[in-house]
Amino acid sequence: MRPRPQEHTRWGRDHPREGWFDVRELEPGVHLIGEPGHVNSFLIQGASSAVLLDTGLGVADIRSVAEELTDRRLLVVNSHYHFDHTGGNGLFEDVAIHRAGADLLQRPPPDGMAAGYMEYTRRLLEAWGPYKAADDLYFHLLTVERLVRPLPRGFDPAAYRIIPTVASRLLDDGDVLDLGGRRLRILHTPGHSPDCICVLDEENGLLFGGDTINTGPIYAHLPESDLAGFAQSTRRLAQLEAGVRRVFVCHFLRVENEPRLLGEIAEGFERLLAGDVDMRDNVDCLDFPVREACFDHFSIFVPAV
Ligand SMILES: [Zn+2]
């Protein structure tokens, strides 16, 4: 293994960490390559090869980060085709996605999506300053794992583009990727988008929840989202609860979760379908109005109308 990527550290009040990626070993052979406040990717290593689960926003070079952590052969696996999980795909030769995402990954993004996300990034960084200041004074929740970072030096948000890519390999439900001493099972969990997968490392009790399991808002309001399918997928994941030790998620600042989150989310979808929830108005990251069903450790966005 090569040395850890250099962390730019400057103990400024708002940004005590400046390196774009939050790189941490979560347990032996599993690294978080996070973009805090945005999206989390994971490097999962076996004895003979490694999987990079998602490639992030593409605002910084995730391949060089992954290659500093492993010299094993790298296969990228996309949790689904959305740009915030596939932005670095173009840096890699070997990219796998669920069969249902193959065409979606190649399509140009909707107009304004890249600019809209950069505008969200601007708002997020603007909100971070007062949030961090209040935390320093009153709340003290912001440990090193939860520090939002400024955009990388030299990165121009106006030049950010979402580039469609082509997968080299298609995945189906039940496929097993054998990395040598570690086997990853692909679970097709449609709902957020038709091609969503979760990745299960059964022997080690790890579940990677993609955009199906999340903390904070779970996006079930997109035109391609399917609420009934989402409920079915989360019910299936809840059945894994007893055999799983840790659940890792792709969004927001609570990356690591207890397995009971799986049952809570399945129950949340059931209650939502039954109309047994408190709803409030909110907006998603692109500032579209949504209705939000609120639960103890997460929420679910549904269409505003
Ligand atoms: Zn998504």
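Atoms within each ligand, like the ligands themselves, are counted from 1 in listed order. The figures here come from the full heavy-atom set of this structure, side chains too, leaving out hydrogens, waters and symmetry mates. Throughout, residue positions are numbered sequentially from 1 according to the sequence presented.
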Inset, instruction - Indicate the ring-plane relationship of Phe301 and Tyr219, choosing parallel, tilted or perpendicular according to the 30° and 60° boundaries. - result: tilted
Inset, instruction - Hydrophobic side-chain clustering at under 4.5 Å (ILVMFWY, transitive links): who's grouped with Leu273? Put none if nobody. - result: Leu187, Leu200, Leu207, Ile213, Ile218, Leu227, Phe230, Leu237, Leu240, Val244, Val247, Val249, Leu261, Leu262, Ile265, Phe269, Leu272, Val277, Met279, Phe295, Phe298, Ile300, Val302
Legend entry - Within less than 2.8 Å of the Zn ion (ligand 1): protein N, O or S atom count: 4
Legend entry - Arg185 side chain vs Leu177 backbone, donor-acceptor pair below 3.5 Å: no
Can I get a per-line list of side-chain donor-acceptor pairs under 3.5 Å for residues 48-59, giving both atom names and the distance, sequence neighbours left out?
{"from": "Ser48", "atom 1": "OG", "to": "Leu179", "atom 2": "O", "distance (Å)": "2.9"}
{"from": "Asp54", "atom 1": "OD1", "to": "Ser79", "atom 2": "N", "distance (Å)": "2.6"}
{"from": "Asp54", "atom 1": "OD1", "to": "Ser79", "atom 2": "OG", "distance (Å)": "3.3"}
{"from": "Asp54", "atom 1": "OD2", "to": "Ser79", "atom 2": "OG", "distance (Å)": "2.8"}
{"from": "Asp54", "atom 1": "OD2", "to": "His85", "atom 2": "ND1", "distance (Å)": "2.8"}
{"from": "Thr55", "atom 1": "OG1", "to": "Thr86", "atom 2": "O", "distance (Å)": "3.4"}
{"from": "Thr55", "atom 1": "OG1", "to": "Gly88", "atom 2": "N", "distance (Å)": "2.9"}
{"from": "Thr55", "atom 1": "OG1", "to": "Asn89", "atom 2": "N", "distance (Å)": "3.0"}
{"from": "Thr55", "atom 1": "OG1", "to": "Asn89", "atom 2": "OD1", "distance (Å)": "2.9"}

Legend entry - Fellow cluster residues of Ile163, listed by chain then number, with links counted only when side-chain atoms sit under 4.5 Å apart: none
Legend entry - Path from Ile197 to Tyr81 over hydrophobic side-chain contacts below 4.5 Å: no
